[in-house]
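For reference, the structure discussed in these notes is given below.
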Amino acid sequence: MLSRPMNAFRVVAEELHFGRAAARLHISQPPLSQQIQQLERDVGARLFERTTRSVRLTSAGEFLAGHVRRLHAQGEEALDGVRHVAAGTTGSLTFGFTSSSAYRTLPLAIAAFRRAFPTFELRLREQNSHELWQGLLENSIDVALLRRNPAMLDRDVSFTSAGKERLVVAMRRDDSLARHQKVAVRDLKDLPLVGFSPTGSNYFHVLIGKLFANAKVPRTFVHESVMPTILSLVDAGVGVAVVPESASALWSERLAFRELRGPGAATRAEFHVARTPRRGNPAVDGLIEILATLATRSAR
């Protein structure tokens, strides 16, 4: 914001008429003349040449007027930005997500958010669920789309379900299992398996471990990694893998994905949206509503 004398100078420089300038400033002409005279004393230079017929800027006045116009425009822009941020129509939002969400949910969510908040800067952060959780606790992330585990407990973080998906078996199309429309967990008993790393993707490591345990099928993983490396290894013929169904959306035509049957077929991998309410970002509610809508559609 400009000081009162600087703002008075700006208006007089625009009008080049003290009477009109005083009317714009809602003051009488004598106080306006006093403010300009005080400003001239402060800067040590005459800013206006005045006659009975006209008012014009001196060279010093022209120089100052250019700077004052820019300062005024910047101040107005800042105030306008503050109003938009307070109303939730502009600003920035940091959205964290796991790689497995990038196959279906993430593209739809980002596109919908940008339509709803076209002036918002959406900062994206791809990490595993544990790292996203830490980001929420450290207030470096506004919203996270993650796989929740029981250790994620903090009363300042709220969770909303963002949908569930089936687990499927990924294999090469030339694998004998690909002849079947559905595959039982016991059919994987003697096959080389590619699994999820306990450090890089603990959620799926635990979930698929329970799947095999509940089906009473021993499991030995020839390699453990994270998506999409797991599918690369399946494509290379290293083994087969149990993965979330959404992984089938963006992969090689050489791979086949088959539903599970029998024990474990009802197992679902769940996404959660996590947020810290104390962040106070109005656009957070908009993003969460978008994710909830996408979850509802996918459940139909």
Side-chain angles (χ1 to χ4, degrees), residues 97-109 126 128-129 145-149 161-272 294-300:
F97 61 94
T98 63
S99 59
S100 59
S101 68
Y103 298 115
R104 290 180 181 171
T105 304
L106 187 70
L108 297 173
E126 181 180 1
N128 64 41
S129 293
L145 185 60
L146 48 71
R147 307 285 186 174
R148 186 182 184 184
N149 67 56
S161 177
K164 300 179 181 181
E165 60 179 323
R166 296 178 296 186
L167 296 177
V168 296
V169 182
M171 66 198 77
R172 286 180 58 91
R173 287 194 178 276
D174 55 9
D175 193 298
S176 59
L177 277 180
R179 295 196 302 265
H180 305 284
Q181 290 301 311
K182 295 185 178 183
V183 176
V185 177
R186 65 174 178 270
D187 296 333
L188 309 179
K189 180 179 178 180
D190 299 319
L191 296 179
L193 299 171
V194 181
F196 287 85
S197 164
T199 54
S201 191
N202 184 256
Y203 176 88
F204 282 108
H205 179 81
V206 173
L207 183 67
I208 292 170
K210 289 180 179 178
L211 175 73
F212 278 83
N214 292 338
K216 296 181 172 56
V217 174
R219 67 192 189 282
T220 301
F221 294 109
V222 297
H223 191 81
E224 292 180 324
S225 188
V226 296
M227 300 286 285
T229 302
I230 288 172
L231 293 183
S232 295
L233 295 174
V234 173
D235 195 8
V238 173
V240 300
V242 179
V243 298
E245 185 180 23
S246 58
S248 65
L250 299 173
W251 202 250
S252 165
E253 293 183 357
R254 293 188 297 273
L255 295 185
F257 296 86
R258 297 292 181 258
E259 294 180 31
L260 287 170
R261 63 180 176 85
T267 301
R268 296 291 183 269
E270 188 169 5
F271 270 120
H272 277 90
L294 292 174
T296 301
R297 289 176 184 171
S298 66
R300 290 172 183 170

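Side chains included, hydrogens not; waters and symmetry mates left out as well; all remaining heavy atoms used. Residues take their numbers from the sequence shown, with the count starting at 1.
Atom CZ of Arg147 sits about 5.5 Å away from atom OG1 of Thr98, to the nearest 0.5 Å. For the atom pair CZ (Phe196) and CD (Glu224), the distance works out to 10.5 Å, reported to the nearest 0.5 Å. The distance from atom CD1 of Ile230 to atom OG of Ser201, rounded to the nearest 0.5 Å, is 6.5 Å. Between Leu188 atom CG and Leu211 atom CG the span is 8.5 Å, to the nearest 0.5 Å. Interatomic distance, Leu255 CG to Met171 CE, rounded to the nearest 0.5 Å: 9.5 Å. Atoms OG and CG, on Ser225 and Leu233 in that order, are 6.0 Å from each other to the nearest 0.5 Å.
Residue-environment remark: CZ (Arg261) exceeds the threshold of 12 foreign heavy atoms within 6.0 Å. The 12-atom threshold is exceeded at CZ of Arg173, counting heavy atoms of other residues, nucleotides or ligands nearer than 6.0 Å.
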For Ser99 and Glu126, run side-chain contact (heavy atoms from CB on, under 4.5 Å): C-alpha distance rounded to whole Å, both residues' side-chain angles, the deciding distance at 0.1 Å, then the answer. CA-CA 6 Å; Ser99 59; Glu126 181 180 1; 3.1 Å; yes
Verdict with supporting geometry, Arg258 and His180, side-chain contact (heavy atoms from CB on, under 4.5 Å): CA-CA 8 Å; Arg258 297 292 181 258; His180 305 284; 5.8 Å; no
Could you walk me through whether Arg166 and Arg268 pass the side-chain contact (heavy atoms from CB on, under 4.5 Å) check? CA-CA 5 Å; Arg166 296 178 296 186; Arg268 296 291 183 269; 3.2 Å; yes
Step by step, work out the side-chain contact (heavy atoms from CB on, under 4.5 Å) result for Leu207 and Leu167. CA-CA 10 Å; Leu207 183 67; Leu167 296 177; 4.1 Å; yes
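Residues Val238 and Val222 form a side-chain contact, since some pair of their non-hydrogen atoms from C-beta on lies under 4.5 Å apart. Using a 4.5 Å heavy-atom cutoff, the side chains of Leu294 and Phe271 are not in contact. Side-chain contact check for Phe204 versus Met227: every heavy-atom pair is 4.5 Å or farther apart. Annotation: side chain of Leu191 is in contact with side chain of Leu177 (closest heavy-atom distance under 4.5 Å). Residues Leu260 and Val169 form a side-chain contact, since some pair of their non-hydrogen atoms from C-beta on lies under 4.5 Å apart. Between Val240 and Val194, every side-chain heavy-atom pair lies at or beyond the 4.5 Å cut-off. Side-chain contact between Val206 and Asn149 is absent, with no heavy atoms from C-beta onward closer than 4.5 Å.
Using a 4.0 Å cut-off between a side-chain N of Lys or Arg and a carboxylate O of Asp or Glu, Arg254 and Asp174 do not qualify as a salt bridge.
Nearest approach of Pro263 to Val185, heavy atoms of both residues: O-CG2, 3.7 Å. Annotation for Ala247 and Phe257: closest pair O-CZ, 4.2 Å, computed over non-hydrogen atoms. Heavy atoms only, all atoms of each residue included: Ser129 and Leu146 are closest at OG-CB, 3.7 Å. Scanning both residues, Arg219 and Leu193, for their nearest heavy atoms gives CB-CD1, 4.1 Å. Nearest heavy atoms, Leu145 versus Ala162: CD1-CB, 3.8 Å.
Counting only N and O atoms by type, the side chains of Ser161 and Glu270 include a donor and acceptor under 3.5 Å apart. With hydrogens and angles left out, the side-chain atoms of Glu165 and Ser246 include a donor and acceptor closer than 3.5 Å.
Within the 3.5 Å criterion, the main-chain N or O of Pro198 finds a donor-acceptor partner in the side chain of Asn202.
Cation-pi check for Arg148 over Tyr203 is not met; the charged atom does not lie both under 6.0 angstrom from the ring centroid and within 45 degrees of its normal.
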